[in-house]
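Encoded as structure tokens, the structure appears first; notes follow it.
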Amino acid sequence: MARILITSAIPYINGIKHLGNLVGSQLPADLYARYMRMRGNEVMFICATDEHGTPAELAAAKAGKPVAEYCAEMHGVQAEIARGFRLSFDHFGRSSSARNHRLTQHFARRLGEQGLIAEVVEKQMFSRADDRFLPDRYIEGTCPNCGYDRARGDQCENCTKQLDPTDLINPRSAVSGSTDLELRETKHLYLRQRVLKERLAEWIDSKTGWPVLTTSIAKKWLNDGEGLQDRGITRDLAWGVPAQFAGAPWQGMEGKVFYVWFDAPIEYIAGTAEWADAHGLDDAAWERWWRTDKGAHDVTYVQFMGKDNVPFHTLSFPATIIGSDEPWKLVDYIKSFNYLNYDGGQFSTSQGRGVFMDQALSILPADYWRWWLLSHAPENSDSEFTWENFQASVNKDLADVLGNFVSRVTKFCRSKFGELVPEGGQTGERAAALIAELETRVRAYEGHMEAMEVRKAAAELRAIWVAGNEYLQSAAPWTVFKEDPERAAAMTRLGLNLVRLYAVLSEPFIPDASARMLAAMGTDDRSWPGPIAEALSVLPAGHAFETPEVLFRKIADEEREDWQKRFAGVRT
RNA sequence: GGGCCUGUAGCUCAAUGGUCAGAGCAGGGCGCUCAUAACGCCUUGGUUGGGGGUUCGAGUCCCUCCGGGCCUACCA
């Protein structure tokens with residue numbers, strides 16, 4: 001039994017995420033966690049909300065709430081939706097937790113003691129009307145290059161030129177529109193990543209099996225231009241982990257907090273500590289996942305994230321870990337995803353374009369979305385959600401291939417033998433061929449799941465379902481029954497056992513349907529198949545089952561058209 | 001501007017430099033009647049974005065052009 005630590009990139013707190021966010025991290029992480037648990041491994045699966053930063057403060061202000069209250073509420077909302085999608089986190093934490101405050105300050109202090117923190121005085125735009133420093137992109141003005149009047153302080157969206165806020169003509173706050181801005185001096189802490197460059201490069205180079213997407217992004221940041229740069233890890237904000245604290249090896253940082261990207265990944269660790277606290281366990285319980293000197297030496301750590309998160313997970317966070325000079329667990333494998341597009345364009349949170357997680361669940365149960373999203377996961381390039389494809393895929397794969405298989409087996413049995421696994425008889429060559437095929441396919445499926453090849457795993461699973469239909473079609477127990485009822489009984493017994501096997505194999509993708517199938521088969525035997533012949537004799541003759549209701553209903557054309565219209569425009 | 005990814009059948013995607021470029025869906029035909037008008041079998045469909053090159057051999061490697069996307073360090 002292996003020990004597997006799994007983290008999903010933590011979703012930002014300001015609002016409900018769309019399906020693109022879901023498929024890029026939380027959902028594939030859940031697939032992997034469920035699979036590894038099914039295989040009998042000890043799994044720790046951690047996610048959290050990322051609660052600090054300017055957008056959180058602004059969103060809270062807009063909602064007319066104190067930021068702590070706003071974040072607590074939104075955390076509750078996101079946790080509820082995560083449950084709705086059956087995301088099986090061992091703990092869904094909060095980056096604003098006391099645990100994260102303590103750990104973030106701990107890492108900062110260690111880095112300071114190692115000489116890896118620099119104090120830098122710089123000038124930043126301050127908006128008097130908003131009473132806050134503004135990040136570059138929260139300043140708007142006229143582009144000096146093309147004259148576009150809504151250019152942002154980091155880049156002009158119109159001509160794509162890189163800008164500095166001071167380049168803008170007639171700069172104004174994007175928050176309030178105020179032009180009452182001034183450049184103010186402010187002191188910040190920088191993480192001296194340049195000092196760690198060689199060690200980071202060496203570490204990245206040792207990860208030869210990582211996805212191209214992951215390593216290419218890391219190497220670009222390491223080597224491009226002047227190479228890896230030091231990074232500011234504090235901000236002039238009120239909401240966050242205070243940068244000045246007892247034992248801090250610096251002074252004069254009162255009123256400042258750590259940058260979200262410094263404290264967010266630390267929440268992976270803190271979230272595990274929160275898990276221990278929530279279960280009344282001591283520190284050793286979480287440290288055995290994170291401290292290689294306290295039991296984590298045999299842990300395999302896998303991170304899941306969208307491509308936009310890669311630099312922070314390949315460089316900044318490892319710089320924090322390595323720089324601390326303490327035996328914390330480093331990530332072993334980073335699975336990164338491209339983006340999911342929506343019907344010819346991008347999902348857009350600001351424009352409300354596309355399907356958001358809460359809306360998705362209000363339309364259809366989690367399994368429908370899980371199946372489509374995972375079987376179309378954007379692993380190699382950006383991929384595309386269209387309603388036609390979603391409808392076709394769900395109707396065909398889930399309703400016709402799997403759902404109907406369960407239906408035809410159980411209903412046939414009920415009508416000919418009653419709702420007990422029939423006894424007697426022998427299966428024939430076709431059953432042997434089926435078992436041989438499944439033997440190959442199940443091992444291939446395992447290989448893809450272990451390699452986190454999500455699409456390939458989905459395709460293999462579907463082929464496993466299809467094999468059941470092929471068997472029934474060629475064995476034709478409904479015909480055999482007329483001549484040799486005992487033989488038909490054996491075939492049906494095999495069919496019912498296939499339903500149980502499929503429930504087990506499918507659990508990581510469609511956990512609700514899996515549970516319903518097992519319940520219908522009257523068993524809680526979820527043991528992963530060894531030799532297939534054995535796995536297909538778990539349900540003995542005489543075992544009672546129930547004929548389940550329709551497992552997956554089909555999506556009608558009218559519904560699809562209705563949804564298409566509903567989600568094309570602005571979210572209301 | 002720079003870097004990276006990407007372009008394969010009507011659609012969504014596969015293919016360690018090595019048989020005739022494969023699947024699923026959609027389309028066509030046949031079969032079956034247990035089943036959610038479901039299932040199975042067969043089948044149509046490709047100058048692998050264009051052009052050039054390396055190689056015994058290129059979807060794959062190189063150059064170039066065209067299209068799509070992402071990143072570019074203060075959004076997260």
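Computed from a prediction, not measured in an experiment: that's the story for all the values here.
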Distance-only criterion, 3.5 Å: show the donor-acceptor pairs between side-chain atoms of residues 401-418 of chain A and protein atoms not counting sequence neighbours.
unit_1, atom_1, unit_2, atom_2, d
A:Arg408, NH1, A:Asn469, OD1, 2.8
A:Arg408, NH2, A:Gln473, OE1, 3.1
A:Thr410, OG1, A:Val406, O, 2.7
A:Thr410, OG1, A:Ser407, O, 3.2
A:Ser415, OG, A:Lys411, O, 3.4
A:Ser415, OG, A:Phe412, O, 3.1

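- No side-chain donor-acceptor contact under 3.5 Å links A:Arg493 to the backbone of A:Val421.
- Partners of A:Trp563 according to the ring-ring contact (aromatic ring centres under 6.0 Å, His included) rule, which considers only residues two or more places apart in sequence or in another chain, are A:Trp387.
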Item to check | CA sep, side-chain torsions, deciding dist, call: A:Thr49, A:His75, side chain to side chain donor-acceptor pair (under 3.5 Å) | outcome: CA-CA 6 Å; A:Thr49 41; A:His75 174 82; 2.9 Å; yes
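- For A:Tyr259 and B:rA73, the shortest distance from a side-chain N or O to OP1 or OP2 is not below 4.0 Å.
- Residue contacts for A:Phe481: at a heavy-atom cut-off of 4.0 Å it reaches no nucleic acid atom on any strand shown.
- Residue A:Ile139 contributes atom CD1, which lies 11 Å from atom P of B:rC75 at whole-angstrom precision.
- When heavy atoms are screened at a 4.0 angstrom cut-off, A:Phe405 is found touching no nucleic acid atom at all.
- Listed by first and then second residue, the side-chain hydrogen bond (donor to acceptor under 3.5 Å, both in side chains) pairs that reach into residues 479-488 of chain A come to none, sequence neighbours excluded.
- Here A:Trp371 pairs with A:Trp465, A:Phe509 under the ring-ring contact (aromatic ring centres under 6.0 Å, His included) rule; sequence neighbours left out.
- Mapping A:Val401 and A:Val260 onto RNA chain B by nearest heavy atom places A:Val401 closer to the 5' end of the strand.
- Between A:Tyr268 and A:His313, the distance from one ring center to the other falls under 6.0 angstrom.
- Checked against B:rC25, B:rA76, B:rU33, the side chain of A:Trp478 finds its nearest nucleotide in B:rU33.
- Scanning for salt bridge (Lys or Arg N to Asp or Glu O under 4.0 Å) contacts around A:Arg194 gives A:Asp230, with sequence neighbours left out.
- One interatomic measurement links the two molecules: CZ of A:Arg152 to C1' of B:rU72, which rounds to 13 Å at whole-angstrom precision.
- Minimum atom distance to the side chain of A:Lys411 is reached by B:rU36, of the listed B:rU36, B:rC75, B:rA76.
- At whole-Å resolution of the value, CD in A:Glu549 and P in B:rA35 are 15 Å apart.
- Non-hydrogen atoms lying under 4.0 Å from RNA chain B are contributed by nothing in residues 482-503 of chain A.
- Base contact: A:Gly227 has a heavy atom under 4.0 Å from a base atom.
- Applying the 5.5 angstrom centroid cut-off and the 30 degree plane-angle cut-off, the aromatic ring of A:Phe412 is not stacked upon the base of B:rC34.
- Distance from the side chain of A:Asn469 is smallest for B:rG40 among the nucleotides B:rA38, B:rG40, B:rA73.
- Taking atom CG of A:Leu340 as the reference point, atom P of B:rU12 lies 13 Å away to the nearest angstrom.
- With sequence neighbours left out, A:Asp236 forms a salt bridge (Lys or Arg N to Asp or Glu O under 4.0 Å) with A:Lys256.
- Although no hydrogens or angles enter the test, the distance criterion places a donor-acceptor pair under 3.5 Å between the side chain of A:Tyr12 and the main chain of A:His52.
- At whole-Å resolution of the value, CZ in A:Phe385 and P in B:rU12 are 13 Å apart.
- Where A:Lys554 and A:Ala476 each meet RNA chain B at their nearest nucleotide, the meeting point lying more 5' is that of A:Ala476.
- Residue contacts shown for A:Leu551 include a base, since a base heavy atom lies under 4.0 Å away.
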Item to check | Summary of protein contacts for nucleotides 2-9 of chain B, nucleotide by nucleotide, where a base hit scores B, a sugar-phosphate-only hit scores S (4.0 Å, heavy atoms) | outcome: BSSSS---
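- When distances are taken from the side chain of A:Arg408 to each of B:rC39, B:rA73, B:rG69, the shortest belongs to B:rC39.
- Rounded to whole Å, atom C1' of B:rC11 lies 10 Å from atom CD of A:Glu384.
- Just one of A:Asp512, A:Leu22, A:Val23, A:Leu27 meets the side chain to side chain contact (heavy atoms under 4.5 Å, CB included) condition when paired with A:Arg370; it is A:Leu27.
- When the nucleotides B:rA73, B:rC41, B:rA35 are ranked by their closest atom to the side chain of A:Ser407, B:rA35 comes out on top.
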Item to check | Dot-bracket line, read 5' to 3' along RNA chain B, where crossing pairs take [ ] and | marks a partner on another strand, Watson-Crick or G-U under 3.5 Å | outcome: (((((((..((((....[...)))).(((((.......))))).....(((((..]....))))))))))))....
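- Taking the ring-ring contact (aromatic ring centres under 6.0 Å, His included) definition, one finds that A:Phe262 meets it with A:Phe258, sequence neighbours left out.
- Scanning for ring-ring contact (aromatic ring centres under 6.0 Å, His included) contacts around A:Tyr70 gives an empty result, with sequence neighbours left out.
- Using a 4.0 Å heavy-atom criterion, one finds that A:Glu470 contacts the sugar-phosphate atoms exclusively.
- If you check every strand for non-hydrogen atoms under 4.0 Å, A:Glu122 touches a base.
- Separating the CZ atom of A:Phe312 from the C1' atom of B:rC71 is a distance of 11 Å, rounded to the nearest angstrom.
- Judged by atom type and distance alone, A:Asn404 does not reach the base of B:rA38 through any side-chain donor-acceptor pair under 3.5 Å.
- Counting any heavy atom pair closer than 4.0 Å across all strands shown, A:Ser383 reaches sugar-phosphate atoms only and no base atom.
- Within 4.0 Å (heavy atoms only), A:Gly53 reaches sugar-phosphate atoms of the nucleic acid but no base atom.
- Listed pair A:Arg137 / B:rC75 meets the phosphate criterion, a side-chain N or O lying under 4.0 Å from OP1 or OP2.
- Scanning residues 454-467 of chain A for heavy-atom distances under 4.0 Å to RNA chain B yields A:Arg455, A:Lys456, A:Arg462, A:Val466.
- The side chain of A:Asp308 has B:rA76 as its nearest neighbour among B:rA76, B:rU36, B:rC13.
- Spacing between atom CG of A:Asn395 and atom P of B:rA35 amounts to 20 Å, rounded to whole angstrom units.
- Judged by distance alone, with hydrogens and angles left aside, the side-chain atoms of A:Thr492 form a donor-acceptor pair with the main-chain N or O of A:Ala488 at under 3.5 Å.
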Next on the checklist: Evaluate A:Asp130 against A:Arg132 for salt bridge (Lys or Arg N to Asp or Glu O under 4.0 Å), listing each step before the verdict.
Outcome noted: CA-CA 5 Å; A:Asp130 299 304; A:Arg132 62 167 66 239; over 6 Å; no
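- Nucleotides B:rC61 and B:rG7 have their P atoms positioned 10 Å apart, rounded to a whole Å.
- Annotation: A:Tyr342 is in aromatic contact with A:Phe385 [ring centroid separation under 6.0 Å].
- Nucleic acid contact for A:Val550: base, since at least one base atom lies under 4.0 Å from a heavy atom of the residue.
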Item to check | Verdict with supporting geometry, A:Leu134 and A:Leu181, side-chain contact (heavy atoms from CB on, under 4.5 Å) | outcome: CA-CA 9 Å; A:Leu134 293 174; A:Leu181 306 175; 4.2 Å; yes
